[in-house]
Amino acid sequence: MAREISSVGVIGLGTMGAGIAEVLARSGVSVVAVEIDDEGVARGRGHLEHSTERAVTGDKLDADGRTVLLSRIRYTTSLAELSEVDLVIEAIPENLEAKSDVFTQLDKITGPDTIFVSNTSSLSITEIGVRTARPGKVVGMHFFNPAPILKLVEIVRTVVTEPDVITDVVAFAERLGKTPVVIGDRAGFIANALLFGYLNHAVRMYEQRYATREDLDAAMRFGCGYPMGPLALLDLIGLDTAYEILDTMYHQSRNRLHAPAPLLKQMITAGQRGRKTARGFYSYDEADSPTVTDAVKASTVEGAAPREVRKVGVVGTGTMATGIVEVFAKRGFEVILRARSAEKAAVSVARVKKSLDKAVVKGKLSEGDAVAALGRITPAVEFDELADVDLVVEAVAEDLVVKQAVFAALDDVVKPGAVLATTTSSLPVIECAAATSRPSDVVGLHFFNPAPLMKLVEVVSTIATAPDVIATADAVCAAVGKHPVHCGDRAGFIVNALLFPYLNDAVKMLEAHYAGADDIDTAMKVGCGLPMGPFELLDVVGLDVSLAIQRTLFNEFREEGFAPAPLLEHLVTAGRLGRKTGKGFKDYSAR
């Protein structure tokens, strides 16, 4: 029989504890809120009054509703007043000894059936639970900040948590209007375990001066549709909080990728902890303000004038190639589309026409502009027909031998001074450049699919790329309405190097039976605001493509944590490649 949970104790009235108390009271639950002293009570009461006042101002709560909500919360400095509650949630600072001590005291105060809940975001629920007289009734209930707004709650079970306790806590979370996911007891649970490895990797990129903070953040916003870039998000979370979570994860996982980047410790020591101190990776106009005061334009090459680009050649006939052709043709460039046969060229031009016609139907392009764009495209079969272009963009298959052959052919026929670019997403650009006699003219221009819609282009410079070639790449991106970000020539560039280890970690989490694919996807979408969960995204990208990128990253960096998850390899071997085959991590055959 399900427990009736009508009264709840909340211990700790910081931002999170006060937010949890508000969520409970808003749902009709009687709350006994406990703080260590009168000053803490006053501060917690202030949090609640301010938050509910904002809710009234925002028309999310009326004045009478606010009065009733606040009347359901009773404040105290004595744990003894929790003797009659059905469930207790501790939300004190992340310290194992302090949390365990609270539960040890509660053992002597509360009834034997009272459920003990910890809101910890990173500590072991098992370690907390075994220090009580009721480890089977101890569970994690990780709310996300701000608790009144964010829907996700991670329900953390230990190996001894009683099944009916999990059932009752899940039902209780749903009653609060939350989206619960049930997971095992592991450092970081789902969201933090996947999120903070990614954030730490971004810090290491910045620390190594591989890319600027603006380019790192823009890459993930424009390339993946993330609501915030990694460094801006770290400033919001707090660098000290991030360090503590990573350190806890590392001590449990011993995964070097979880070891906090040294730069984090240095910044914390210097008092640069993010928005809360008005200084982190960015500077802010005051503490807790979102207004950045030291934003700079994305990196460019100082003092280098771009080369003139009027005519563009595109080599390839796939989806990426035709998308790039469309991008340039719509922006007024003469484009030569080089294909291996006249038939393939005709099919590609027809594909561009179909895309332009769809844009006209949707009102995004006039009929006259569509006709003009199509008129700027000239199909070609011979490389000689690219002789007088100013820029060539290679967009053939992700095969280094094939790409090198293309660049060798281009080197023989394209005029001196033309820029030669590759759209590779993972292969070394310098290997393409080495196939030519002009490596200083070669650059990476990694468009994202679909090219007509995606705003990001990664501009990849090798150790040989000339400054004016990089400046030309910038100017071309501006001319076609794209946002360039700059990085060096190493596997994955920015986006894939940050994205695919995170996806790989999600697969490892699944194969360890730690959580289900749907729960992991839900946690990342609801808890972190990502547009897609990791398994949804892997199935869209294609598991074979994902595996190839992950292998490239592992071969480049030789990081044990980058080794492809065996489950990913097994699914590819079995032919389950995602949406394109009807089955991947999920089954699409009936859709």
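Values reported hereafter were calculated over all heavy atoms of this structure, with side chains retained and with hydrogens, waters and symmetry mates removed.
Legend: residues meeting salt bridge (charged side-chain N to carboxylate O under 4.0 Å, His left out) with D399, ordered by chain and number and at least two apart, are absent. For A473, the side-chain contact (heavy atoms from CB on, under 4.5 Å) partners two or more places apart in sequence, or in a different chain, are L445, V459. Applying the salt bridge (charged side-chain N to carboxylate O under 4.0 Å, His left out) test to R275 and every residue at least two apart in sequence or in another chain returns nothing. Residues satisfying the ring-ring contact (aromatic ring centres under 6.0 Å, His included) test with F447, not counting sequence neighbours, are none. Residues passing the salt bridge (charged side-chain N to carboxylate O under 4.0 Å, His left out) test with K482: none are found, sequence neighbours excluded. With sequence neighbours excluded, the residues forming a ring-ring contact (aromatic ring centres under 6.0 Å, His included) with F333 are F328, listed by chain and number. For F554, there are no ring-ring contact (aromatic ring centres under 6.0 Å, His included) partners, not counting sequence neighbours. Residues forming a salt bridge (charged side-chain N to carboxylate O under 4.0 Å, His left out) with D521 (at least two apart in sequence, or on another chain): K586. Scanning for ring-ring contact (aromatic ring centres under 6.0 Å, His included) contacts around F585 gives F535, with sequence neighbours left out.
Side-chain N or O atoms of H201 include none that pairs as donor or acceptor with a backbone N or O of Y502 at under 3.5 Å. Counting only distance, with no hydrogens or angles, the side chain of E326 and the backbone of P452 share no donor-acceptor pair below 3.5 Å. Side chain of D215 to main chain of H486: a donor-acceptor pair is present (N/O by atom type, distance under 3.5 Å, no hydrogens or angles).
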For this session: Any chance you could lay out the salt bridge (charged side-chain N to carboxylate O under 4.0 Å, His left out) test for D235 and R213, step after step, and finish with the verdict?
Result: CA-CA 12 Å; D235 276 357; R213 60 184 186 176; over 6 Å; no
For this session: Tell me, with the steps shown, if R438 and D411 meet salt bridge (charged side-chain N to carboxylate O under 4.0 Å, His left out).
Result: CA-CA 8 Å; R438 49 176 121 180; D411 190 42; 2.9 Å; yes
Exercise. E536 and M524: side chain to side chain contact (heavy atoms under 4.5 Å, CB included), yes or no, with the steps?
Worked result: CA-CA 11 Å; E536 291 174 322; M524 300 314 292; over 6 Å; no
Problem set entry | Check against side-chain hydrogen bond (donor to acceptor under 3.5 Å, both in side chains), D217 and Y282 | CA-CA 11 Å; D217 282 352; Y282 297 88; 2.7 Å; yes
Problem set entry | Worked check of side chain to side chain contact (heavy atoms under 4.5 Å, CB included) between R307 and V469 | CA-CA 7 Å; R307 302 177 187 178; V469 169; 3.5 Å; yes
For this session: Determine, step by step, whether Q550 and L503 satisfy the side chain to side chain contact (heavy atoms under 4.5 Å, CB included) criterion, reporting the C-alpha distance in whole Å, the side-chain angles of both residues, the deciding distance to 0.1 Å, and the verdict.
Result: CA-CA 9 Å; Q550 195 60 45; L503 296 175; over 6 Å; no
Exercise. Please walk me through it: do V442 and V429 pass side chain to side chain contact (heavy atoms under 4.5 Å, CB included)?
Worked result: CA-CA 8 Å; V442 179; V429 177; 4.1 Å; yes
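No side-chain heavy atom of I336 sits under 4.5 Å from any side-chain heavy atom of V314. Contact annotation: the side chain of L239 never approaches that of Q272 to less than 4.5 Å [non-hydrogen atoms, C-beta and beyond]. K353 has its side chain out of reach of I377: every pair of non-hydrogen atoms, C-beta onward, lies at least 4.5 Å apart. A heavy-atom distance below 4.5 Å is not found between the side chains of L499 and I549. The shortest side-chain heavy-atom distance between T436 and D441 does not fall under the 4.5 Å cut-off. Between T317 and V347 the shortest side-chain heavy-atom distance does not fall below 4.5 Å. Between P501 and L553, the closest side-chain pair of non-hydrogen atoms falls below 4.5 Å. Between L543 and L538, the closest side-chain pair of non-hydrogen atoms falls below 4.5 Å.
Among residues at least two apart or in separate chains, salt bridge (Lys or Arg N to Asp or Glu O under 4.0 Å) pairs with a member in residues 550-565 are R256-E559, R551-E569. Applying the salt bridge (Lys or Arg N to Asp or Glu O under 4.0 Å) test to residues at least two apart or on different chains, the pairs with a partner in residues 380-395 are K311-D388, D390-K415, E394-K403. Annotation: ring pair (Phe, Tyr, Trp, His ring centres under 6.0 Å) contacts involving residues 359-399, sequence neighbours excluded, are absent.
No more than 12 heavy-atom neighbours from other residues, nucleotides or ligands sit within 6.0 angstrom of CZ on R209. In this structure, K580 places its NZ atom where more than 12 heavy-atom neighbours from other residues, nucleotides or ligands lie under 6.0 Å away. In K508, the NZ atom is crowded: over 12 heavy atoms of neighbouring residues, nucleotides or ligands sit closer than 6.0 Å. By the 6.0 Å contact criterion, CG on L453 is enclosed, its count of non-hydrogen atoms from other residues, nucleotides or ligands being greater than 12. Taking a 6.0 Å sphere around NZ of K583, one finds it holds 12 or fewer heavy atoms contributed by other residues, nucleotides or ligands. Heavy atoms of other residues, nucleotides or ligands lying less than 6.0 angstrom from CD of E207 number more than 12.
Here CG of N192 is found 4.5 Å from CD1 of I245. Values are rounded to the nearest 0.5 Å. Residue F189 holds its CZ atom at 12.0 Å from CG of L152, rounded to the nearest 0.5 Å. L246 contributes atom CG, which lies 7.5 Å from atom NE2 of H258 (distance to the nearest 0.5 angstrom). Going from atom CZ of F281 over to atom CG of L263 covers 5.0 Å, rounded to the nearest 0.5 Å. Rounded to the nearest 0.5 Å, atoms CZ (F196) and OG1 (T241) are 7.5 Å apart. Atom CG of L498 is separated from atom CE of M205 by 4.0 Å, given to the nearest 0.5 angstrom.
A perpendicular orientation is assigned to the rings of Y226 and Y198, their planes being inclined by more than 60° (bins at 30° and 60°).
Centroid-to-centroid, the aromatic rings of F448 and H483 stay 6.0 Å apart or farther.
With respect to F500, the side-chain contact (heavy atoms from CB on, under 4.5 Å) criterion is satisfied by exactly one of L547, V541, T552, V495: V541. Here the options are V485, L456, V457, the test is side-chain contact (heavy atoms from CB on, under 4.5 Å), and the partner is C477; only V457 passes.
Counting all heavy atoms, side chain and backbone alike, A475 lies closest to P306 at CB-CB, 3.9 Å. Nearest approach of I494 to L216, heavy atoms of both residues: CG2-CD2, 3.9 Å. Nearest approach of A517 to L510, heavy atoms of both residues: N-CD1, 3.5 Å.
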